[in-house]
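Notes follow once the structure below has been shown.
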Amino acid sequence: MEKTVTEAINYRRSIRVFKEDIELDTKKVETCIKNAVLAPTSSNLQLWEFYHITDKEILTEITKACLGQNAAKYSKQMVAIVVRKDLWSKRAKSNIEFLKSTLNNKPKSEYTKREKFTLRYYEKLIPTIYTDFLGILGWLKYLVFQIIGLSKPIYRQVRKSDMRIVAHKSAGLAAQNFMISMASIGYDTCPMEGSDTLRIKRILKLPRGAEINMVIGCGIRDDNGVYGERFRIPFNEVYFKI
């Protein structure tokens with residue numbers, strides 16, 4: 001029986017040691033990845049890819065790239081979450097094609113204001129924000145937007161570094177969807193940031209524009225898989241009701 005959302009969140013821990021004699025159902029892990037792609041994503045661009053690693057030799061290589069940490073060494077499977085900010089144009093076009101398909105060949109003259117705005121958003125605004133050249137255009141846009149922001153509210157995260165952060169935030173949301181989904185069926189995970197991301201890109205044969213968001217080790221928790229009691233800063237120190 002699957003756990004409720006709250007039960008799954010409480011059950012999820014970062015597991016460093018997985019049981020060696022219990023394998024995972026690959027199809028169930030794949031289903032959890034399908035849940036991951038339903039996570040919210042900035043402008044619905046979905047600038048992510050998910051590499052489900054089950055091959056033993058590749059797992060060994062990835063373990064070395066993850067600095068040999070136990071969460072990798074004991075993993076039965078891994079999922080590498082990859083950011084593809086470089087695919088923004090392709091993903092924007094996919095959104096445009098989808099939106100037009102929902103309009104049933106309706107002529108542009110009959111588009112509603114919302115339909116016109118949404119199409120302009122992907123055809124004009126997204127290219128304005130994501131287009132850059134060696135970071136120079138990003139800084140020019142940043143200065144222009146800051147000046148405009150003196151008189152009215154405006155989106156200010158338009159530099160190349162800002163857009164990388166946006167893409168990684170979306171990937172992080174997808175990663176959490178995946179881990180909570182795994183916890184709901186009694187599967188365990190451990191997100192790993194400590195890794196040689198360049199080596200991982202080479203192992204997975206990723207293009208230059210791809211970036212590793214995190215690698216997630218997967219398995220069934222061993223009795224000593226949790227390294228200690230859960231600690232969180234007191235809620236009243238992080239919660240502010242306004």
Side-chain angles (χ1 to χ4, degrees), residues 1-41 46 48-83 168-197 199-206 210-233:
M1 183 175 178
E2 288 194 15
K3 299 173 178 59
T4 65
V5 173
T6 299
E7 288 171 343
I9 290 172
N10 279 287
Y11 178 80
R12 191 216 63 80
R13 296 292 305 272
S14 293
I15 305 302
R16 269 75 180 193
V17 181
F18 302 105
K19 289 185 180 295
E20 296 189 61
D21 58 341
I22 301 180
E23 299 293 334
L24 300 181
D25 185 324
T26 300
K27 285 295 182 182
K28 289 184 178 180
V29 178
E30 184 179 329
T31 296
C32 292
I33 296 174
K34 289 180 179 178
N35 289 340
V37 303
L38 297 178
T41 167
Q46 304 167 57
W48 52 38
E49 291 176 339
F50 304 85
Y51 288 78
H52 184 186
I53 306 159
T54 60
D55 183 275
K56 299 298 182 184
E57 291 185 8
I58 302 298
L59 286 170
T60 299
E61 290 185 54
I62 296 289
T63 296
K64 292 177 182 177
C66 288
L67 314 179
Q69 56 185 294
N70 283 344
K73 183 168 64 176
Y74 289 102
S75 289
K76 293 300 181 179
Q77 299 179 25
M78 293 185 194
V79 174
I81 308 223
V82 178
V83 169
H168 277 274
K169 284 195 293 185
S170 290
L173 292 172
Q176 185 71 344
N177 258 26
F178 170 70
M179 290 186 285
I180 296 304
S181 295
M182 290 283 277
S184 73
I185 59 174
Y187 281 6
D188 293 295
T189 56
C190 185
M192 295 175 281
E193 288 188 297
S195 64
D196 186 329
T197 55
R199 286 181 181 272
I200 294 174
K201 284 178 63 173
R202 288 173 178 168
I203 293 167
L204 298 179
K205 297 180 173 58
L206 299 177
E211 296 184 16
I212 303 298
N213 178 262
M214 68 178 76
V215 177
I216 302 175
C218 308
I220 300 294
R221 67 181 66 183
D222 193 70
D223 292 339
N224 61 343
V226 179
Y227 280 3
E229 295 294 323
R230 173 179 276 144
F231 167 72
R232 287 294 183 270
I233 299 297

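Computation of the quantities below employed the complete heavy-atom set of this structure, encompassing side-chain atoms and omitting hydrogens, waters and symmetry-equivalent molecules.
Without hydrogens or angle criteria, Thr41 side chain to Gln46 main chain gives a donor-acceptor distance under 3.5 Å. Put simply, the side chain of Gln69 gets close to the backbone of Gly194: a donor and an acceptor are under 3.5 Å apart. Remark: side-chain polar atoms of Lys201 are paired, donor with acceptor, to backbone N or O of Ala210 under 3.5 angstrom. Remark: the backbone N or O of Ile15 is not paired with any side-chain donor or acceptor of Tyr74 at under 3.5 angstrom.
Of all heavy-atom pairs between Thr189 and Arg12, the closest is OG1-CG, 4.4 Å. Taking every heavy atom of both residues into account, Ala8 and Lys3 meet most closely at N-CB, 3.9 Å. The two residues Ser14 and Cys190 come nearest to each other via the heavy atoms CB-SG, 3.9 Å. In plain terms, the two heavy atoms of Ala175 and Ile216 that are nearest each other are CB-CD1, 4.1 Å. The two residues Asn10 and Arg230 come nearest to each other via the heavy atoms O-NH1, 3.1 Å. Scanning all heavy atoms of the two residues, the minimum distance from Thr26 to Gln77 falls at OG1-NE2, 3.4 Å.
The environment of CD in Glu23 is crowded: more than 12 heavy-atom neighbours from other residues, nucleotides or ligands sit within 6.0 Å. The environment of Lys64 atom NZ is sparse: at most 12 non-hydrogen atoms of other residues, nucleotides or ligands sit within 6.0 angstrom. Residue-environment remark: CZ (Arg13) exceeds the threshold of 12 foreign heavy atoms within 6.0 Å.
Expressed to the nearest 0.5 Å, how far CD of Glu61 lies from CD1 of Ile53 amounts to 10.0 Å. Atoms OG and CH2, on Ser170 and Trp48 in that order, are 6.0 Å from each other to the nearest 0.5 Å. Atom CD of Gln176 and atom OG of Ser181 lie 9.5 Å apart (nearest 0.5 Å). A distance of 5.5 Å separates NZ in Lys56 from NZ in Lys76, rounded to the nearest 0.5 Å. Note that OG1 of Thr60 is 8.5 Å distant from CG of Asp55, once rounded to the nearest 0.5 Å. Here Lys34 contributes atom NZ and Lys27 contributes atom NZ; the two are 6.5 Å apart, rounded to the nearest 0.5 Å.
Under the 4.5 Å side-chain criterion, counting only non-hydrogen atoms from C-beta, Ile212 is in contact with Val82. Residues Val5 and Ile9 are in side-chain contact: their nearest non-hydrogen atoms beyond the backbone lie under 4.5 Å apart. In this structure, Leu173 and Asn177 have side chains that are not in contact, with every pair of non-hydrogen atoms separated by 4.5 Å or more. Residues Thr63 and Met78 have side chains in contact (heavy-atom distance under 4.5 Å, counting atoms from C-beta outward). With a 4.5 Å cut-off on side-chain heavy atoms, Asp188 and Met182 do not count as touching. Considering only heavy atoms from C-beta on, Arg221 comes within 4.5 Å of Tyr11 through its side chain. Side chains of Tyr51 and Val79 form no contact here, defined as non-hydrogen atoms less than 4.5 Å apart. Counting heavy atoms from C-beta outward, Phe178 and Asn35 have side chains that stay 4.5 Å or more apart.
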Exercise for the section: Assess whether side chain to side chain contact (heavy atoms under 4.5 Å, CB included) is satisfied between Cys66 and Ile200, documenting all intermediate values. Expected result: CA-CA 8 Å; Cys66 288; Ile200 294 174; 4.3 Å; yes
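Between the side chains of His168 and Glu211, at least one donor-acceptor pair of N or O atoms lies under 3.5 Å.
Using a 4.0 Å cut-off between a side-chain N of Lys or Arg and a carboxylate O of Asp or Glu, Glu2 and Lys28 do not qualify as a salt bridge.
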